[in-house]
Every structure is written in structure tokens, then in C-alpha cells.
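Residues: numbered from 1 along the sequence shown.
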Amino acid sequence: MEDILDIYEMPCDPAVPVVCMDEKPYQLPGEVREPLPMRPGDTRKVDSEYIRNGTCSIFAFAEPLGGIRHVSVREHRTAVDWAGEIRYLVDISYPDRDKIILVMDNLNTHAISSLYKAFPAPEARRIAKKLEIHYTPRHGSWLDIAEIELNVMTRQCLSRRIEDIGLLRQELAAWESDRNKHTACIQWHFTTDNARTKLVSLYPKFGTSDET
């Protein structure tokens, strides 16, 4: 926990960006009946019953101090899918950076070994050498700022039914573009000193010695 909090206290360094990553499953619900459109004095009516059109996985990357984020939709969330997203991060999002500090949870696919499952060893090693990975502790995913970004995305873009993966990609691309255009930043205030006070129960107790 303190390792992650220390990273968040680091000053902004454009040469070494701090990027947080998270992912979430998303169900593609379709309408059983055509919704009734809005009309003066009345809201849009949507039937509570829906059709399940499968699931997909949404990957989110957020640079908190830069106010930049990238979201991507994949049909699955395998090790190979994660590796593809990481190569995009290194080669497309930050092609001129020699090092990226990457913060994420310790999901089993979030590992350097996933790169070797997706790419030949030289390519996997090339990507891995650009990453400095820091994992949130177990049961501590709340420390991942990308999780906050996903919550914002859910409220602003996904609080409705999107039944097609192509349409979902279009909607998320529009959301990403608008949020990046306004350089929306997440202000993180919880520090290591705060943790040692507010989460004191997590720390071991040390008694005072009477020895001289």
C-alpha cells in the first residue's frame, strides 16, 4: 500500500509517466421490446426484460497527473488480450518513453509472463524492459486510480443498454475523446501519512521497552 501511495506523491515527470490500469467485464444487453421515446412531460420507457448478447472486457488506462486516459474493448480478457493492450500502451500511447510506471492489481493475467504467451521472446522482452510494474495489495484495488476512472466511465457512458460490441467501442471512444479534450484529472489526496493514521489497525503493534 505504501509503495503505491509513494508513487502517487511523486511529482509529474513527462519523461516517466505514471499510468494506472484496470479492466472490467461488461454484458451486452439488448431490448426485448422497442423502448417508448421521450415526450413532453414524460420520460423514455424501457422494458425491464432484456436479451443477453454476450459479454466483453473493457480495459482502461489512466495517467492521473496528465489527465489522459485510453479505453479499449476486447471480446475476452485472456493473457494474450492483456499483452496486446500493454503493447499498445508502450508503442502507441507512449512511443517515445523509455520507462512507464504501471500501477495495476494482481490479476493472474497481469504479469510479464503474459507478454511471452503473446509474442516471441525478443518482442516480449522489449516491451517488458519499458515497464516498471507496481501491484496494489490483495483486497486493495481501491488504490488503483484506473478503478476510479472506470467508475466515472460507468456513470457517464454505460448507465444504459448497449447491445453491440461495435457500438460500445464507438460510445467509449467518444467518451474518451471528450474526457481527454477537457483534461479531466482525478485528484488523489490519500497519502502514506494518512494511511498510518486512518488505517493504523493494519500495522503491527510495537510495545515500548523498559530496558535501559
Side-chain angles (χ1 to χ4, degrees), residues 4 7 12-26 28 54-136 141 144-154 156-158 162 164-186:
I4 301 298
I7 289 174
C12 182
D13 183 356
V16 186
V18 174
V19 179
C20 301
M21 177 265 162
D22 199 7
E23 60 180 277
K24 67 170 292 181
Y26 181 75
L28 299 164
T55 61
C56 59
S57 188
I58 299 174
F59 291 79
F61 294 85
E63 184 187 343
L65 296 181
I68 301 171
R69 76 273 307 134
H70 170 68
V71 293
S72 179
V73 181
R74 288 181 174 257
E75 294 183 5
H76 310 286
R77 53 144 296 248
T78 65
V80 172
D81 290 299
W82 180 83
E85 293 298 323
I86 295 302
R87 182 160 71 169
Y88 184 96
L89 174 74
V90 168
D91 291 346
I92 305 300
S93 297
Y94 299 95
D96 301 324
R97 309 303 200 281
D98 292 326
K99 183 172 76 170
I100 300 169
I101 298 175
L102 182 61
V103 175
M104 57 185 174
D105 63 26
N106 48 24
L107 191 67
N108 63 327
T109 58
H110 298 173
I112 293 298
S113 59
S114 294
L115 297 174
Y116 287 84
K117 294 178 181 178
F119 310 117
E123 174 69 356
R125 186 57 187 160
R126 177 189 71 83
I127 298 170
K129 286 171 66 176
K130 292 194 174 187
L131 302 175
E132 179 185 310
I133 296 177
H134 296 259
Y135 291 103
T136 59
S141 61
D144 189 347
I145 290 179
E147 185 173 283
I148 300 175
E149 194 71 36
L150 280 173
N151 290 334
V152 174
M153 180 189 68
T154 299
Q156 294 182 349
C157 187
L158 301 181
I162 302 177
D164 176 77
I165 193 170
L167 178 59
L168 177 63
R169 287 177 173 137
Q170 292 177 20
E171 295 293 324
L172 288 179
W175 175 84
E176 173 192 314
S177 176
D178 181 73
R179 196 155 165 80
N180 284 338
K181 179 181 178 180
H182 292 89
T183 321
C185 295
I186 294 174

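- Between I68 and N180, the shortest heavy-atom contact is CA-OD1, 3.4 Å.
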For T154 and K24, run side-chain contact (heavy atoms from CB on, under 4.5 Å): C-alpha distance rounded to whole Å, both residues' side-chain angles, the deciding distance at 0.1 Å, then the answer. CA-CA 10 Å; T154 299; K24 67 170 292 181; 3.0 Å; yes
side-chain contact (heavy atoms from CB on, under 4.5 Å) evaluation trace for D81 with S57: CA-CA 9 Å; D81 290 299; S57 188; over 6 Å; no
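- The two atoms that bring N108 and R77 nearest to each other are OD1-NH2, 3.3 Å, heavy atoms only.
- When every heavy atom of G66 is checked against every heavy atom of T183, the shortest pair comes out as O-CG2, 3.7 Å.
- Enclosure of atom CD in Q156 by more than 12 non-hydrogen atoms of other residues, nucleotides or ligands within 6.0 angstrom is indicated.
- The shortest heavy-atom contact between C185 and L65 is SG-O, 4.5 Å.
- Atoms CD1 and CD1, from I101 and I7 in turn, are 6.0 Å apart once rounded to the nearest 0.5 Å.
- Side-chain atoms of E63 and Y94, non-hydrogen and from C-beta on, do get closer than 4.5 Å to each other.
- To the nearest 0.5 Å, the span separating CG on L89 from NE2 on H70 amounts to 8.5 Å.
- Using a distance-only test at 3.5 Å, with no hydrogens or angles considered, no donor-acceptor pair links the side chain of R87 to the main chain of E123.
- Taking S114 as the reference, nothing meets the side chain to side chain donor-acceptor pair (under 3.5 Å) condition, with sequence neighbours excluded.
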Take M104 and Y135 through the side-chain contact (heavy atoms from CB on, under 4.5 Å) test and state the conclusion after the steps. CA-CA 5 Å; M104 57 185 174; Y135 291 103; 3.8 Å; yes
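- Between atom CZ of residue R169 and atom CG of residue D164 there is a gap of 9.0 Å, rounded to the nearest 0.5 Å.
- Residues V73 and C56 meet the side-chain proximity criterion, which asks for heavy atoms closer than 4.5 Å.
- Between the CD1 atom in I162 and the CG atom in L28 there is a gap of 8.5 Å [rounded to 0.5 Å].
- Checked by atom type, the side-chain pair K117/T78 shows no donor-acceptor distance below 3.5 Å.
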CA sep, side-chain torsions, deciding dist, call: I145, V18, side-chain contact (heavy atoms from CB on, under 4.5 Å): CA-CA 11 Å; I145 290 179; V18 174; over 6 Å; no
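- Rounding to the nearest 0.5 Å gives a distance of 7.5 Å between OG of S93 and CD1 of I100.
- Under the salt bridge (charged side-chain N to carboxylate O under 4.0 Å, His left out) criterion, the residue pairs touching residues 94-109 are K99-E132, with sequence neighbours excluded.
- Distance check, rounded to the nearest 0.5 Å: CG of L158 to CG of L172 gives 5.5 Å.
- Using a 4.0 Å cut-off between charged nitrogen and carboxylate oxygen, E85 and R74 count as a salt-bridge pair.
- Classification of K130 and D91 as a salt-bridged pair fails, no side-chain N sitting under 4.0 Å from a carboxylate O.
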Determine, stepwise, if the pair R179 / E149 fulfils salt bridge (Lys or Arg N to Asp or Glu O under 4.0 Å). CA-CA 10 Å; R179 196 155 165 80; E149 194 71 36; 2.5 Å; yes
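- Annotation for F59 and H76: closest pair CE1-O, 4.0 Å, computed over non-hydrogen atoms.
- Nearest heavy atom pair, residue W175 against residue V71, reads CZ3-CG1, 4.0 Å.
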